[in-house]
Amino acid sequence: MPQEAADERPDPEGGRSNPESAHAAAEGLRAGGPGARAWSGHAGAQAFAAVEAATDWLIGYPFVFRALAGTSATGGTLLDFGCGPGNVAEHAARRLGMRIIGVDASRDMLALARRRDTPGAEYHLVTGGRANGLADACADAAMCNHVLASLPDDQAVLAVLGEIHRLLRPDAPLALLTTDPACAGIEYASLRVGEPGATYGPGQAMSVRLRRTDGTWQSMPNHAWPPAAISALLKRAGFTPVSQSHPTPDEADGVADPVHALSRDWAAERQRPPLVVTLALRA
């Protein structure tokens, strides 16, 4: 049976193995300049694993799990496309009672994910846009968290959605977690996207500022994908959009970890929730 929402408590170390090495990795990324690929290589994997993600663990990931719980059978296979260091996949496996297939384009991210030793999980490298070693329709459900932000144009997004479509069985659900570029410039508990007063169209370059577990902040290049553009691209990729929502801190009662929910006042998140959960079905 799926476990209760209390199991969605954020990892206090953010999945990292060493605070000093993570900070050094982030400094190395910053030295790479604005043209450096977000979260690439060993330095990128270490820096990503050190992101606090407090806002995501309140009104993001728990709502992805809830969306999938309503459309997926316990004991099935969950695809985590762009699994990163595997922290979210580990929580999803416990909450949903599903076996994890994690895929990522970074060998370093996959190495961190495998070190978590999530029971029954397997991890595969994406090369040339295709997940190696995975057959068509091998997954009963999928989630894709903050992956679209790294993609610069429609064709790149359609390529990712197309590979997810290949891996899902017919009528299987896909849950996407994204940030809303309409919330640009607002300082949230653990993130800020874009610049104050700026507006961003689909695929437009937009920086993201993320709080790390040591209290410092990391800025990375990103791309804006408004909710309406995501829905349109899902339809083009062969999905049927079901719902799209901006979860709020008040709605997190009974969904997110209660200790985490009470850890801050979440003033900005209450005023204008920045995260979007999109649920769609594979046609």
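Residues L125 and R107 form a side-chain contact, since some pair of their non-hydrogen atoms from C-beta on lies under 4.5 Å apart. Looking only at side-chain heavy atoms (C-beta outward), P274 and D180 stay at 4.5 Å or farther from each other. Proximity of R169 to D140: side-chain heavy atoms (C-beta onward) are separated by under 4.5 Å at one or more points. At a threshold of 4.5 Å between non-hydrogen side-chain atoms, the residues Y61 and N145 count as touching. V193 places none of its side-chain heavy atoms less than 4.5 Å from the side chain of P181. Put simply, the side chain of L174 reaches to within 4.5 Å of the side chain of L161, judged on heavy atoms. Side-chain contact check for H91 versus F65: some heavy-atom pair is nearer than 4.5 Å. In this structure the side chain of L110 reaches within 4.5 angstrom of the side chain of C83, judged on heavy atoms.
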Requested in this report: Under the side chain to side chain contact (heavy atoms under 4.5 Å, CB included) rule, what do W57 and N87 come out as? Steps first, then yes or no, please.
Outcome: CA-CA 11 Å; W57 282 109; N87 183 28; 3.7 Å; yes
Requested in this report: Before giving the answer on side chain to side chain contact (heavy atoms under 4.5 Å, CB included), spell out for V276 and Q244 the whole-Å C-alpha distance, their side-chain angles and the decisive distance to 0.1 Å.
Outcome: CA-CA 7 Å; V276 182; Q244 206 163 51; 3.6 Å; yes
Requested in this report: Take L134 and E122 through the test side chain to side chain contact (heavy atoms under 4.5 Å, CB included) and record every step on the way to the result.
Outcome: CA-CA 11 Å; L134 291 177; E122 59 181 82; 4.0 Å; yes
Requested in this report: Run the numbers on R236 and D154 for side chain to side chain contact (heavy atoms under 4.5 Å, CB included), then give the verdict.
Outcome: CA-CA 10 Å; R236 290 174 62 185; D154 286 8; 3.4 Å; yes
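The backbone N or O of W217 lies less than 3.5 Å from no partner atom in the side chain of R209, so there is not a single donor-acceptor pair. In this structure, W225 contributes its side chain and L148 its backbone to a donor-acceptor pair below 3.5 Å. D104 places a side-chain N or O within 3.5 Å of a backbone atom of G84 that can act as its donor or acceptor partner. No side-chain donor-acceptor contact under 3.5 Å links W266 to the backbone of A189. The main-chain N or O of R212 is never found under 3.5 Å from a side-chain atom of Q218 such that the two would form a donor-acceptor pair. Using modelled atom types, no side-chain atom of R282 and backbone atom of A172 make a donor-acceptor pair closer than 3.5 Å. Side-chain atoms of E269 never come within 3.5 Å of backbone atoms of I59 as a donor-acceptor pair (strictly under, hydrogens ignored). Panel note: side chain H260, backbone A54; a donor-acceptor pair is recorded below 3.5 Å. No donor-acceptor distance shorter than 3.5 angstrom exists from the side chain of S231 to the backbone of A228, with no hydrogens or angles considered. With hydrogens and angles disregarded, no donor-acceptor distance shorter than 3.5 Å links the side chain of R115 to the backbone of P85.
Scanning all heavy atoms of the two residues, the minimum distance from H124 to G133 falls at CE1-O, 4.1 Å. Closest heavy-atom contact between P241 and L234: CG-CB, 4.3 Å. Summarising the geometry of V277 relative to P247, their closest heavy-atom pair is CG2-CG, 3.9 Å, with the distance given to 0.1 Å. When all heavy atoms of C144 and V147 are compared, the closest pair comes out as SG-CB, 3.5 Å. Scanning both residues, E195 and Y200, for their nearest heavy atoms gives N-OH, 2.9 Å. Smallest separation of non-hydrogen atoms from A283 and T240: CB-OG1, 4.4 Å.
With rounding to the nearest 0.5 Å, the separation of OG in S219 from CG in L210 is 8.0 Å. Between C183 atom SG and L191 atom CG the span is 9.0 Å, to the nearest 0.5 Å. Taking OG1 of T248 as the reference point, atom CG of L275 lies at 11.5 Å (rounded to 0.5 Å). Note that CG of D153 and CD of Q204 are 13.5 Å apart. Values are rounded to the nearest 0.5 Å. A distance of 6.5 Å separates CE of M98 from OG1 of T77, quoted to the nearest 0.5 Å. With rounding to the nearest 0.5 angstrom, the CG atom of L167 is 8.0 Å from the CD1 atom of I164.
Hydrophobic clustering of Ile, Leu, Val, Met, Phe, Trp and Tyr side chains at less than 4.5 Å, counting indirect connections, keeps V242 apart from L176. Cluster membership check: V160 shares its hydrophobic cluster with L168, using side-chain heavy-atom separations under 4.5 Å among Ile, Leu, Val, Met, Phe, Trp and Tyr. Clustering ILVMFWY residues whenever any of their side-chain heavy atoms sit less than 4.5 angstrom apart, transitively, puts L79 in the very cluster that holds F239. Follow the hydrophobic side-chain contacts under 4.5 Å out from I100 and you never reach V103; the two are in separate clusters. Hydrophobic cluster membership differs between F63 and L279, with clusters built from Ile, Leu, Val, Met, Phe, Trp and Tyr side chains linked at under 4.5 angstrom.
Summarising the local packing, CD of Q271 is surrounded by 12 or fewer heavy atoms from other residues, nucleotides or ligands at distances under 6.0 Å. The 12-atom threshold is not exceeded at CG of D253, counting heavy atoms of other residues, nucleotides or ligands nearer than 6.0 Å.
Among T179, N222, D56, the one residue that satisfies the side chain to side chain donor-acceptor pair (under 3.5 Å) test with H146 is D56.
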